[in-house]
Structure formats: C-alpha cells, structure tokens
Engineer: 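Got a structure for you, questions after.
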Amino acid sequence: MSTPSTSGAPALLGALRSRLPSTADYGGIRESWRSDVVAGVTVGIVALPLALAFGITSGLGASAGLITAIVAGVVAGVFGGSHVQVSGPTGAMTVVLVPVVARHGADAVLIVAFMAGVVIVAAGLAGFGRFLAFVPWPVIEGFTVGIAVIIFLQQVPAGLGVEKPDGENTALVAWRSFGEVAAEPSTWWALGLVVGVAVLMGVLPRIHTALPASLVAVVAATVAVALADAPVALIGSLPDSLPSPSMSAFDFGLVSQLSGAILAVAVLGALESLLSAKVADGMAGVGRHDPNRELVGQGLANMVSPMFGGMPATGAIARTAVNVRAGARTRVSSIVHALVLIFVVYIGGQAVGRVPLPALAGVLMVTAVRMVDAHAVRAISRTTRSDATVLVITALVTIGFDLILAVEVGMATAAVLALRQVARASTPVEDPLPLLDRDTVDELRRLHIATYRLDGNLFFGAVQRFLAALTEDHDVRVLILRLPDLKLLDATGAQAIGELIDDLEAKDITVLLKGPSPEHLRILNEVGSIGRLAHENHLFDDLDAAIAHARRHATVPTN
C-alpha cells in the first residue's frame, strides 16, 4: 500500500508546481518591457468602455465591470497559463448573469462567481484543460454567433433610450422595447449616439489603426451630451477607490439553489478562456499556453473578483488580440492594463460617471457584430451539411434558451451526425476473393457459397444498416463472414452479429465466421454470439479451412 502513495506523491507535487507562477514566466523581460508597457496601456484604454458596458449590462453596475477587469487582469495575468492573455468581464458572461441577478439579486453573483472559481481551479488541477480539443469547431462558432446576437439584443433598450422591459428572454425583451419607444428627444438622442458611436468605431481604424476607436467614440458622445445638456441616461457615480475584500454576503444555504448558474459560469469561464488563449497562441509567437494552468489562474480570478464587488471573469478574446497586436510578450502587459484601470478609479471616476449609456450600448453593438467571424461561418456552411446543421442549432439554442444547453445540444448533435457518417461507412462488402483461381470462384458460385468482408466499425450506430444489408434473401447455402478488417466492435455490434446468425440459420443458410481479432472474439463470446453458430467448428482462423468446410455443407443434399 505504501508504494503507490510514495510514487504518486512526487507526481502530484510536480503537477501542482507546473500550475504555479515561476521566474520563467518573465523570460526576456529586459528586452520586452517597453513593448509590454505600451501594450498594457493600449489594452487598458480599449478595455475601459467594455468593462463599464458589461458591468451595466449584467445588472451589477459599471463599477462591478471595472473592478472585475482590474482584479482579473492581475490575478489571471500572474497565475494563468498564457503569457499574453487579458482577462476581465465579457459579453458571454453577462448573458449568464442577467437571469441570475433578476431571480436572486446582486448578492447571488458573489456565491456564483466564487463557487464557479472553485470548480475551475479543481478542473485545472485535475488536468481537464486538454479536453477543449474535443469541442467541434461548428459548435464553437455557433456558440459565438448566438452570444453575439444576445449581446446585440441586450443593448436594444439602452439604444432606444427606454427602460428595460420585464422579462428574462433577451429576444422578447428587445422586441418589447420597441413598444416603449415614444417620439421624444431622449429617443432621438439615444439613437443618434448609437449611430454616431458605430460610425466612429468603423471609420477611425481606417484613418489610423493605433487609434482606440471605442474610447474616442465614447469621449465624443460624452462631450456632445454635456454640451447639449441632452436628456439621456448616464453611468452615474463610480467609487473613488477599490473596496476592501469581503465575504459577508456569502450564504452557503443558497449554493444548492444556484448550482445550475455555478456550473454554467464555470463551464463558460473555462471554455471562453481556453479558446481565447488558443487564439492568442497563433498570434503571439511566444509559445503555447498551458491549458491546465490557465484554468487554475482563471479560477483564482473568479474567486477573488467577487470579494471586491466584481463579477465572474474570463479570458477576453478581443482584449487579448489588442494586447498581442500592440506588442505584448509577457504577463507584464496584463498587469499594466489593470494599473491603467486603477488610475481611472482613483483619478477619473467623476468624468467616467458622465458617460451616456446609449454610447456604451453602441460600443457593445459594434463589438457583437465584430465577434462573428463571417469567413469562418461561410467556410463551415460550405463544407458539409452536418457541420452547417450543428452551427445553426447551437446558435439558435444559445439565443432561445441558454449557453450551457446550447453547448450540450451542439455537442450531442455533432456526435449523432458524426456517428451517422461512420455508420454509413460500416457495411458488409461482398468479397470476390481475388487470390483464388477462376475455377474455384466459379465452383463456389455453383455451390451457392458467398463470402462477405466486414470493413470499418460495427457499433450501435451501424447495426441497422448492417442487418439490412445481410438479412435480405440470398441465393446461398453457406455464408462466410470475414472479420479481420473490422476495426471497432461494441456490445451492440456483437449482438447484431448474433441476430444475423439466428436469422440466416433460420433460412437454412449456414454461417461461418472467419478471423475475428482476440479482443473482438472476447466480445462476441461475452454476448453469446459465438454460441449461436450451428456448430462450434464454424469459427475459423484460416480462409482455406473455412472454404473447405463450406464445400462440405453445400454438397450435402437438403430436405
């Protein structure tokens, strides 16, 4: 008993050490610190309007989004598995949080975020990061399209300058918002600000790619509203310092009630962070990320953020992309991005409070449109009908129901369609036996001896096609079924072979089996298929012996 524990302890300690920060995280800092600082300042400027907007959209307020970006930027930046990942509040997370806040109140977010963080850390320590490779690309793209549509629809009330109607379904709430519109100055101002922000965000990057288009657009909208004293809703007051950490609102009694939301946040946080880190790998040229350490870092960020009044966080693809393009090479850039936002809290809080909400709605609408990779959607739609189906179903379930159900349905749809394709390729093939001489082949035909070779995979998805192909009426007296090329056999497939033997024997067709592998033979014996043969000598390793035995059966007169 002592040997496993002794040998397992070093492995466990090694796994834990690999998920903790080290000096190697900052290799090359002497050469890259200037570009890291510039990238951090750049992404901090870009992150500011997004953090404010996502905080407001979630129902927790602008300060929650700002605090989340600061805390997650530092914690996930230091402990995460990517050198260039930037974490913070994201649109996908707000989609999960809106119904939680509506049903249970803002305090419930503390419980959801903290417990989701615990789940994500546990997943990282258990090595679950590698499982992202099993999520099909159409599911990921459909998921992204659905989230983009929801984020856009969430901004419709603020974009129209009306109070958000009651309801949890985003599409229905957006539709009801149009019924609240009145021909008043507030409505025209709101629409004008949304259009103005969208135009600036589209035009400014064409003038100079380094311009922080979203920030410039928000500043311009804020100045316009202030000069005209326009009747539009503003962000309002922000804290002038970071709050002290507290867990006073944590109620363990609500954990069971919030288990669904906790799981949703954990899955989404892990999935979005790993996807963002994977995208960054292809852009940065600073080495591949460690998926398990990334989960640990994101989990810790989610545990710490709510203590300061923040919300759940994930790796943010948009901010990470900006960080890489601005020259980031180490984690210093994510930390600098957080310092920029801290400066805003302590110095610029009053100015930020004057930002009009429709301007932030415009920023998120443009961001939602840019989330959709039109090239990827077209590519998936043109590949196979199955891939297009998975993408559309995942997107529709995301919009109509919730994110976790969308991933589950998308994965299930992809699995069923993949099994369908494999099943179609798993059919018995009539074997012409090319190694035999012509006279022998003609003799077997005269004796009504047929040989079939089973290729591919015989599993539960292929059984019906298999049975349909071999239980039709055959003008044969003996059928030799060759199994050496069978790649996969499960219990259902083995049972199908047993049923086939019963059906053919009932038609006075003798069945001979040739050459199952030892593992397949074990499965056939376990389910009793071998026992259904008319005689125990009807199982062969050699084809010549099987043919000789078939000749004896075929030449015996039938009654």
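Source: prediction; values computed, not measured. We number each residue from 1, following the sequence as shown. We use all heavy atoms of the structure for the numbers below, so side chains are in, but hydrogens, waters and symmetry mates are not.
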Engineer: Applying side-chain hydrogen bond (donor to acceptor under 3.5 Å, both in side chains), which residue pairs with at least one partner in residues 366-377 are found, sequence neighbours left out?
Structural biologist: none
Engineer: Can you name the closest pair of heavy atoms from V84 and A328 and give their distance?
Structural biologist: CG1-O, 3.7 Å
Engineer: Can you give the donor-acceptor pairs under 3.5 Å from side chains of residues 139-152 to other protein atoms, not counting sequence neighbours?
Structural biologist:
| residue | atom | partner | partner atom | Å |
| --- | --- | --- | --- | --- |
| E141 | OE2 | W137 | NE1 | 3.2 |
| T144 | OG1 | I140 | O | 2.8 |

Engineer: What residue pairs, at least two apart or across chains, pass ring-ring contact (aromatic ring centres under 6.0 Å, His included) with a residue in residues 89-121?
Structural biologist: F114-F250
Engineer: Do you see a donor-acceptor pair shorter than 3.5 Å between the side chains of T384 and D387?
Structural biologist: yes
Engineer: Any chance you could lay out the side-chain contact (heavy atoms from CB on, under 4.5 Å) test for V296 and N292, step after step, and finish with the verdict?
Structural biologist: CA-CA 6 Å; V296 171; N292 293 314; 5.9 Å; no
Engineer: Please report the shortest heavy-atom distance between V156 and S177, naming the atom on each side.
Structural biologist: CG1-CB, 4.1 Å
Engineer: What's the shortest heavy-atom distance between I67 and F308, and which atoms?
Structural biologist: CD1-O, 3.4 Å
Engineer: Write down the atom of V75, the atom of G297, and the distance for their closest heavy-atom approach.
Structural biologist: CG1-O, 4.3 Å
Engineer: If the condition is side chain to side chain contact (heavy atoms under 4.5 Å, CB included), which residues does W175 pass it with, not counting sequence neighbours?
Structural biologist: none
Engineer: Are L258 and M115 close enough that some pair of their side-chain heavy atoms sits under 4.5 Å apart?
Structural biologist: no
Engineer: Could you pull out all residues at least two apart from A261 that satisfy side chain to side chain contact (heavy atoms under 4.5 Å, CB included)?
Structural biologist: V100, V112
Engineer: In a table with atom names and distances, give each donor-acceptor pair under 3.5 Å that connects a side chain of residues 117-127 to protein atoms at least two apart or in another chain.
Structural biologist:
none

Engineer: Supply the atom-to-atom distance H289 NE2 to S82 OG, rounded to the nearest 0.5 angstrom.
Structural biologist: 7.0 Å
Engineer: Ignoring hydrogens, what is the shortest heavy-atom contact between T398 and A406? Give both atom names and the distance.
Structural biologist: OG1-CB, 2.9 Å
Engineer: Checking S259 side chain against S256 main chain: does a donor-acceptor pair fall under 3.5 Å?
Structural biologist: yes
Engineer: Is a side-chain donor-acceptor pair under 3.5 Å present for Q85 with S334?
Structural biologist: no
Engineer: Any chance you could lay out the side-chain contact (heavy atoms from CB on, under 4.5 Å) test for L204 and I207, step after step, and finish with the verdict?
Structural biologist: CA-CA 5 Å; L204 291 177; I207 298 174; 4.2 Å; yes
Engineer: Any side-chain heavy-atom pair from L48 and L215 closer than 4.5 angstrom?
Structural biologist: yes
Engineer: Which residue pairs pass the salt bridge (charged side-chain N to carboxylate O under 4.0 Å, His left out) test with at least one member in residues 31-40, sequence neighbours excluded?
Structural biologist: none
Engineer: May I ask you to test the T330-H83 pair for a side-chain heavy-atom distance under 4.5 Å?
Structural biologist: no
Engineer: Any pair with a residue in residues 290-307 that passes salt bridge (charged side-chain N to carboxylate O under 4.0 Å, His left out), sequence neighbours left out, goes on the list, sorted by first then second residue, please.
Structural biologist: D25-R293
Engineer: So, taking the atom named CD1 in I380 and the one named OG in S386, what distance separates them when rounded to the nearest 0.5 Å?
Structural biologist: 12.5 Å
Engineer: What's the spacing between H337 NE2 and T320 OG1 if we round to 0.5 Å?
Structural biologist: 9.0 Å
Engineer: Show me the donor-acceptor pairs, under 3.5 Å and distance only, between side chains in residues 338-365 and residues at least two apart or in other chains.
Structural biologist:
none

Engineer: Side-chain polar contacts of residues 264-274 - donor-acceptor pairs under 3.5 angstrom, sequence neighbours left out - could you list them?
Structural biologist:
| residue | atom | partner | partner atom | Å |
| --- | --- | --- | --- | --- |
| E272 | OE1 | T90 | OG1 | 3.1 |
| E272 | OE1 | T314 | OG1 | 3.1 |
| S273 | OG | G269 | O | 2.7 |
| S273 | OG | G315 | N | 2.9 |

Engineer: For residues 45-73, which residue pairs pass the side-chain hydrogen bond (donor to acceptor under 3.5 Å, both in side chains) check, not counting sequence neighbours?
Structural biologist: T57-Q155
Engineer: For the side chain of R331 and the backbone of G77, is there at least one donor-acceptor N/O pair under 3.5 Å apart?
Structural biologist: yes
Engineer: Taking ring pair (Phe, Tyr, Trp, His ring centres under 6.0 Å) as the definition, give me every residue that meets it alongside Y26, ordered by chain and number, with sequence neighbours left out.
Structural biologist: none
Engineer: Given 3.5 Å as the limit, does a donor-acceptor pair link the side chain of S305 with the main chain of N302, or not?
Structural biologist: no
Engineer: Can you give me the closest heavy-atom contact between M307 and M247, atom names plus distance?
Structural biologist: CG-SD, 3.6 Å
Engineer: Report yes or no: does S87 contribute a side-chain atom to a donor-acceptor pair with the main-chain N or O of G73 at less than 3.5 Å?
Structural biologist: no
Engineer: Under 4.5 Å between any side-chain heavy atoms of Q154 and V98, yes or no?
Structural biologist: yes
Engineer: Are any of the side-chain heavy atoms of L97 and P312 separated by less than 4.5 Å?
Structural biologist: yes
